[in-house]
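One structure below.
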Amino acid sequence: MDYKKLIAGKLSDLIELSNEEIEEMLEIPSKAEMGDFALPCFKLSKTMRKAPPMISDMLAEQLKTDGNIQKIQSVNGYLNFYLNKANASADILSKIMDSNEQYGGSDIGKDKTICLDYSSINIAKPMHIGHLSTTVIGNSLNRIYKHLGYNTISINHLGDWGTQFGKLIVAYKLYSSKEQVEQGGIAELTRIYVQYHTDAEENEAMDDEARAWFKKIEMGDKEALELFGLFKEITLEEVNKLYDMLEIKFDSYNGEAFYQDKMEPIIGELKEKNLLVEDQGAMVVKLDEYNMPPCMILKKDGATLYSTRDIAAAQYRKDTYDFDKCLYVTAYQQDLHFKQFFKVIELMGKDYYNDLVHVNYGYVSMEEGAMSTRKGNIIKLKDLLNRSVEKSLQIVNEKNPDLENKEEIATTVGIGSVIFAALKNNRIKDIVFSWDSALSFEGETAPYVQYTHARCASVLEKSDVLLDGDADYSTLDNQDANKVITLLRDFPEVVQNAAEKYEPSLITRHVIEIAKAFNKYYFEHRIIDEDGDEKVRARLILSKCTKQVIKTGLYLIGVKAPDKM
RNA sequence: GCGUCUGUAGCUCAGCAGGAUAGAGCAACGGCCUUCUAAGCCGUGGGCCAGGGGUUCGAAUCCCUUCAGGCGCGCCA
C-alpha cells in the first residue's frame, strides 16, 4: 500500500495540482503526534488566495476519512493525516514477513553493472587503520548494490608497481632472505624497507641500484620478477586473513602492474585527439579552461603516472564489464586527481565519463599527527581487530559466562564493533584515532544493535506461540510499537538513499534508531503474556520483523548479528 | 595566492533534496532487575546551529561575504 499515492488521490480533487506534485509536497512529520503524513499548505496560499491555516481548515473539512485514514487534522497551516494503525501495521509487518531477508531490496539494478574500486592495498605494506574506511565503505556499497539487484564487480586495485619495489629488492638482498621473509611476512618487509631508507640517506648509490632493479622488473628479468612475485604473494596471503575476518571478498585483484601494457593505446589515443601537449618536458592534458591544473600523463623521462594508469583502468573496466557506474572509494586528498582524470576521459569523447564517481572520505590521523608506515606510527588493522575481539570476550565472560561459543560471539561483536564505528558517521568526516573511542562498546555501537537483535531472538525462542495463524494487531496500537513499525516501514527507502548518496552511514543510523525504538518498546510492554495467542502472535511478529530488519541492515554494512550474546 | 571540504551541547556527531518546539551518544548527576537478555530502560542539566548580509510565508539547511581549521594545487600514489 502506497499511502502517499492514496492521500494524493484524495487531495487531487480539491487542489489544482497533479497527483505527482501533491506527492512531492507530502512529508513525514517530525513528531509522531503530528500524524503519519502532512501537507504543508503554505505554498498553496498564493494560488488559492487564502491564508495557509484557512486552507488546511477547509481541506480538513472537505476530506473524508476511510478504512485506511483514521483522522485528518488541520494545525496551523499543516494538514495532518493519521493512518488506521491496525491496518497499516498488519500491512507493513506482513510485507516484511513475506520478503524476509529480501526486505529493503529491489530489482532496480537488474541488468546493470557497478564496478567498485576499494581497499586497494599496497604490496609489502601492512594494512592499518587508514585502510579501514575504503575497505568497509566499499564492501558496504557492494552489498547495498547487490541487495538492489545490481551486478557488482569488486576490485582491489593493488598498489603493486613503482620504484619502491626496486628498493625492496635491494633491501632484501642486503638485510634479509627468503626464509626470513616467509617467516616474518609483511613485518619483515616493513623492517627491511625502513632499514633501507635509513641507510639510503647516507648512501645515494642505493637509490640508483633500486632504480636499476625496478627497471629489471619492467623488462621481465627472471630474478627480479621472482622476488617481486614473492613479495606480492606474502602480502596477499597475510592481507587475505584480514579480509576473511571482515568477510570481504574481491572479484578482481587487477592493480597497477596489470595495466602496464594497457597504457600505450591510451597515450596513442590522447595524441590522436590532440589532447596531449608538451609542457616543461612532460606530456600533459591542459585543463585551464576548466579551472584545473594540467593532468600529467608522461613524466619527463617518459614514465607513466597514476593518472595514465587510471585512464587505462577505466577504459579496461568499461570494455570488460560494460559498467553502468564505476565507483572509486578513496580519500578526499585525491579529489583533484579524480576530477582531472574524469575530465580527460570526457575530453576523449567517451560518454561514460559521467558514470565515474569518486566516493571520497575523510582521513584518519593519530593524536600526534599523520600516520606513516616508514616512521612506524601506525596502528595495524590486525591489532585493532584483535584488541576489539579481546575486549569483547572479556565482556562476554563478565555478562554471560555460561554462553556457548564465547569466542565466536566475541569475534562477531568485536569485529562488528570496529566496522560499525567506521560506518557510523558521514564519510567525509575526519577521524582522530583513539583507543578509548575505538574500543567503546556503549551507546550507539554495534554491540548495542546486536544486543537488540539477540533480544528479539531470545523472545522468539522462548515463546510457544507459532508465528503462523491469525494475529490481532490492535495490541500494537500504541506509541512505542508504532515508532518501531514506522522505522521498519522506512527501511527500504533508507537503503535506496544510501545507494544514491553512496553513504552507508544512513543505514547504520537507521539500524540504531530501530534498536532504540525496540528496546523502549520491550521495556514498556510484555511480549509473551496471557492475553491470548492472537495478541501474543502480533507482538512476536513485531519482534521477528525487527530482528529481520536489524539483521539485514547490519549485513548491508558488513556486520553480523548473533542470536545470543 | 587559487581551488575544495568542514564549523551545530563540555566531547563525538545526526539533522543540511527549506517546514511545526534543533536531536542523539559519550561524559556528569539521579532513578528502574522475585516477570520475555540491565551490553537494557527512564529522568535532570547543558545551544547567538562560527560571525554578518540576502532570498523566502518560513533558513541549521539555499545564495553572497568574513573568520577559523583540514586537504589539494607537475614529474608520488
Side-chain angles (χ1 to χ4, degrees), chain A residues 24-25 27 29-31 33-34 38 40-43 45-46 51-52 75-78 80 120 122 157 159 161-164 256 279-284 291-307 309-310 330-337 339-340 360 362-363 365 392 395-396 398-400 403 413 424-426 428-432 434 436-437 440-452 454-463 497 500-501 505-506 509 512-513 515-516 518-529 536 539-540 543 564-565:
Chain A
E24 277 290 296
M25 277 178 74
E27 53 188 49
S30 50
K31 296 232 162 69
E33 308 91 80
M34 301 189 286
C41 299
F42 308 96
K43 285 195 182 100
S45 77
K46 246 182 205 158
V75 185
N76 300 322
Y78 286 89
N80 295 337
S120 300
N122 293 315
H157 188 82
W161 203 252
T163 28
Q164 71 263 29
E256 296 176 15
D279 192 17
Q280 297 170 39
M283 299 303 280
V284 304
N291 199 22
M292 280 188 273
C295 181
M296 275 247 288
I297 302 294
L298 293 172
K299 295 201 273 188
K300 214 184 277 180
D301 64 4
T304 57
L305 284 122
Y306 188 35
S307 306
R309 262 186 296 285
D310 269 346
T330 74
Y332 67 60
Q333 276 93 330
Q334 299 183 33
D335 282 358
L336 179 60
H337 162 73
K339 260 169 83 179
Q340 286 180 308
N360 63 359
Y363 87 119
S365 60
S392 165
I395 295 173
V396 175
E398 262 168 45
K399 310 246 180 197
N400 210 343
L403 203 60
V413 173
K424 193 175 118 188
N425 293 335
N426 286 345
I428 203 70
K429 297 280 178 184
D430 288 332
I431 299 160
V432 178
S434 88
D436 265 2
S437 58
S440 152
F441 286 8
E442 268 161 38
E444 301 171 333
T445 62
Y448 174 79
V449 177
Q450 288 170 321
Y451 178 77
T452 312
R455 226 178 198 181
C456 292
S458 169
V459 174
L460 289 162
E461 200 194 318
K462 227 154 232 169
S463 172
N497 233 310
E500 277 167 23
K501 292 184 170 164
S505 66
L506 293 174
R509 298 260 164 198
I512 293 171
E513 290 310 311
K516 270 187 199 165
F518 185 83
N519 281 329
K520 166 88 168 151
Y521 172 79
Y522 180 89
F523 185 83
E524 302 285 350
H525 308 268
R526 276 204 67 81
I527 293 168
I528 303 169
D529 211 346
V536 173
R539 293 190 295 264
L540 286 174
S543 311
K564 286 188 176 148
M565 63 185 274

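Just so we're on the same page: letters track the sequence lines, and every chain starts at 1.
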Rounding to an integer number of angstrom, what distance separates B:rC48 and B:rA9 when you compare their P atoms?
8 Å
Separation of the P atoms in B:rG51 and B:rU8, to the nearest angstrom:
10 Å
How are the rings of A:H337 and A:Y306 set relative to one another: parallel (under 30°), tilted (30 to 60°) or perpendicular (over 60°)?
parallel
Hey, does A:H157 reach any base, or is it just sugar-phosphate, or nothing, if we go heavy atoms under 4.0 Å?
nothing
Write down the distance separating the C1' atoms in B:rG10 and B:rG52, rounded off to the nearest Å.
27 Å
Any-strand Watson-Crick or G-U partner of B:rC73, both distances under 3.5 Å:
B:rG1
For B:rC29 versus B:rC62, give the span between their P atoms, rounded off to a whole number of Å.
39 Å
Value in whole Å for how far the C1' atom of B:rC33 lies from OH of A:Y522
11 Å
Write down the distance separating the C1' atoms in B:rC67 and B:rG46, rounded off to the nearest Å.
26 Å
Heavy-atom protein contacts under 4.0 Å, nucleotides 16-26 of chain B, coded B base, S sugar-phosphate only, - none
-B-BB--SSSS
Between B:rC73 and B:rG53, how far is it from one P atom to the other, in whole Å?
37 Å
Output a table of nitrogen or oxygen pairs between the protein and nucleotides 43-45 of chain B separated by less than 3.5 Å.
none

At 4.0 Å (heavy atoms only), tell me whether A:Y306 reaches a base, stays on the sugar-phosphate, or touches nothing.
base
